[in-house]
There are 2 protein chains.
Amino acid sequence: MVAVDQAVEDLVQHQNERFVDARLAQESMFLMNRFGSLASALTNGYLRDLDLKVRHYSVLSLASEEQPPTQRELSDFLVLDPSQVVALVDHLEGADLVRREPDPRDRRSKIIVPTDRGREVLLQAEAQVGAASDRLLSNLTEAEQAELQGLLRKLASR
Amino acid sequence: MVAVDQAVEDLVQHQNERFVDARLAQESMFLMNRFGSLASALTNGYLRDLDLKVRHYSVLSLASEEQPPTQRELSDFLVLDPSQVVALVDHLEGADLVRREPDPRDRRSKIIVPTDRGREVLLQAEAQVGAASDRLLSNLTEAEQAELQGLLRKLASR
DNA sequence: CGAAACCGTTGAAAATGTCAACGATTAGGG
DNA sequence: CCCTAATCGTTGACATTTTCAACGGTTTCG
């Protein structure tokens, strides 16, 4: 039903047992890195039918916030080069999911807002991302999932 | 003292406040992805003086386990294409940190083992990785850090 | 024995990340 | 009020990373 790479599927399913106890596998840095890429690979699979990747989903999601971002703000928050944001917004604009609107406060800036179609697609995308998340976190209890999310959020806040 | 990119430094230090409450910023998938890349960027900075990146460190670390890996096992565990492992091992071998040894059980395979110099460098690298980890996790308490590590490890085990 | 699978390697193509420069616009100091 | 410096989005070039197909040598297994 959902088109996920077999390789990714295997990884989520059944970790290679050989080095689970290696020193490397106990470092938070390593684990974060691994699950970061695993998370995006898995999510990309779930978003494939919508012709989106996590990057596009992220932009679309932020654009749909109450106060939509400028491209510079997207660049900062998503840690992408401004030129990458250009390409990203070009793609989304080509798919009629977002528009570039002038910033009334600064004529250099452009505010990225969703189109009606963008809002519809976002709903479907959110469902897919949720499914991917459930998949990845499936061997944690609900409480543990919440705990993990809490720790990550605390890590993100200063 | 430690050469970390200013951009990375800023990111660790002082998160952009603008979207910390956005829906996107509350999804575990997004946070994992973000901290995964942040972790490796930060660690790469700390490893720069040793002319290593996390990828090289990972190989060197696994090679120093009791039962050293073949290239195929490295490829599986690190989720890298076999051709990437070739380049990685080439580099480490060129720096006299690891050797390719024949696998007595299978002449197709090559076992990656550390040189004496590799073992020395690994010690320094581990110290740097530890420092990077402390840096990234600094706004969690010791208990929370252990908790996070535990959750990630549980996530990794099946 | 023979076909199929697997290992490491090479090389090419695609995706992603990084960087410098530009016109238009804004901000700030003298 | 100017004039310089900084910022925004954009373009284009370049480096790094990822992905894929093909290959010789080896092992597996019917």
Side-chain angles (χ1 to χ4, degrees), chain A residues 5-8 11 16 18 33-34 36-38 40-41 44-45 47-48 51-56 58-59 63 68-94 98-112, chain B residues 4-8 11 16 18 33-34 36-38 40-42 44-45 47-48 51-56 58-59 63 68-94 98-112:
Chain A
D5 289 329
Q6 190 55 39
V8 174
L11 252 161
N16 186 340
R18 177 82 158 79
N33 195 26
R34 163 184 277 257
S37 49
L38 185 53
S40 54
N44 280 340
L47 287 176
R48 188 165 306 154
D51 195 32
L52 295 176
K53 296 195 171 187
V54 278
R55 326 156 61 81
H56 307 102
S58 299
V59 170
T70 65
Q71 292 187 198
R72 158 58 58 178
E73 287 170 329
L74 288 172
S75 163
D76 287 343
F77 191 71
L78 299 177
V79 198
L80 294 173
D81 192 86
S83 60
Q84 290 182 280
V85 175
V86 170
L88 223 37
V89 172
D90 280 351
H91 182 269
L92 289 172
E93 206 172 32
V98 303
R99 277 193 318 263
R100 280 180 238 241
E101 290 204 342
D103 183 341
R105 296 200 209 81
D106 186 339
R107 280 185 291 169
R108 290 170 302 179
S109 301
K110 298 176 184 176
I111 299 180
I112 308 305
Chain B
V4 180
D5 289 330
Q6 190 55 42
V8 175
L11 251 161
N16 187 341
R18 176 81 156 80
N33 196 25
R34 163 184 279 258
S37 49
L38 185 51
S40 54
L42 188 67
N44 281 340
L47 287 176
R48 188 165 307 153
D51 194 33
L52 295 176
K53 297 194 171 186
V54 279
R55 329 156 63 77
H56 307 102
S58 300
V59 170
T70 66
Q71 293 187 198
R72 159 57 58 178
E73 287 171 328
L74 288 172
S75 164
D76 287 343
F77 191 71
L78 299 177
V79 197
L80 295 173
D81 191 86
S83 61
Q84 290 180 282
V85 175
V86 170
L88 223 37
V89 172
D90 280 351
H91 182 269
L92 289 172
E93 206 173 30
V98 303
R99 277 194 316 263
R100 280 179 237 241
E101 289 204 344
D103 183 342
R105 296 201 208 81
D106 186 339
R107 278 187 292 171
R108 290 171 301 181
S109 301
K110 299 178 184 175
I111 300 180
I112 308 306

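A note on names: the letters A, B, ... follow the listed sequences, proteins ahead of strands, and every chain is numbered from 1. As the structure is a prediction and not an experimental result, all values here were calculated from the model.
- Relative to the axis of its first five pairs, the axis of the last five pairs of the helix from C:dC1-D:dG30 to C:dG30-D:dC1 sits at 30°, rounded to 10 degrees.
- Distance CG (A:Asn44) to C1' (D:dT17): 15 Å, rounded to an integer number of Å.
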Heavy-atom protein contacts under 4.0 Å, nucleotides 11-16 of chain D, coded B base, S sugar-phosphate only, - none: BB---S
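- The shortest non-hydrogen separation linking B:Pro102 to B:Ile111 is O-CD1, 4.3 Å.
- Between A:Arg72 atom CZ and C:dA24 atom C1' the separation is 15 Å, expressed in whole Å.
- Partners of A:Asp106 by salt bridge (charged side-chain N to carboxylate O under 4.0 Å, His left out), not counting sequence neighbours, listed by chain and number: A:Arg108.
- Note: CD (A:Gln71) to P (D:dG9) measures 5 Å, nearest angstrom.
- Put simply, B:Arg100 has a side-chain N or O that comes within less than 4.0 Å of OP1 or OP2 on C:dT9.
- When the C1' atom of C:dT16 is taken as reference, atom NE2 of A:His56 falls 12 Å away, rounded to whole Å.
- A salt bridge (charged side-chain N to carboxylate O under 4.0 Å, His left out) check over residues 79-91 of chain A, counting only residues at least two apart or in different chains, returns the pairs A:Asp90-A:Arg100.
- When rounded to the nearest whole Å, the span between CG of B:Leu88 and P of C:dT10 equals 14 Å.
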Nucleic acid footprint by protein, nucleotides 22-30 of chain D - heavy-atom cut-off 4.0 Å, B for base, S for sugar-phosphate alone: ---BBS---
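- Listed for the A:His56 side chain is a donor-acceptor partner under 3.5 Å among the backbone atoms of A:Lys53.
- Here the shortest heavy-atom pairing between B:Arg18 and A:Glu73 reads NE-OE2, 2.9 Å.
- Here A:Arg55 pairs with nothing under the salt bridge (charged side-chain N to carboxylate O under 4.0 Å, His left out) rule; sequence neighbours left out.
- For A:Pro68 against A:Ala63, the heavy-atom pair with the smallest separation is CB-O, 3.7 Å.
- Heavy atoms of B:Ser75 sit nowhere under 4.0 angstrom from any nucleic acid atom.
- The backbone N or O of A:Val54 sits less than 3.5 Å from a side-chain atom of A:Ser58, completing a donor-acceptor pair.
- Of all non-hydrogen atoms in A:Ser40 and A:Ser37, the two that sit nearest each other are OG-O, 3.1 Å.
- A donor-acceptor pair under 3.5 Å links the side-chain atoms of A:Ser75 to the main chain of A:Leu80, judged by distance alone.
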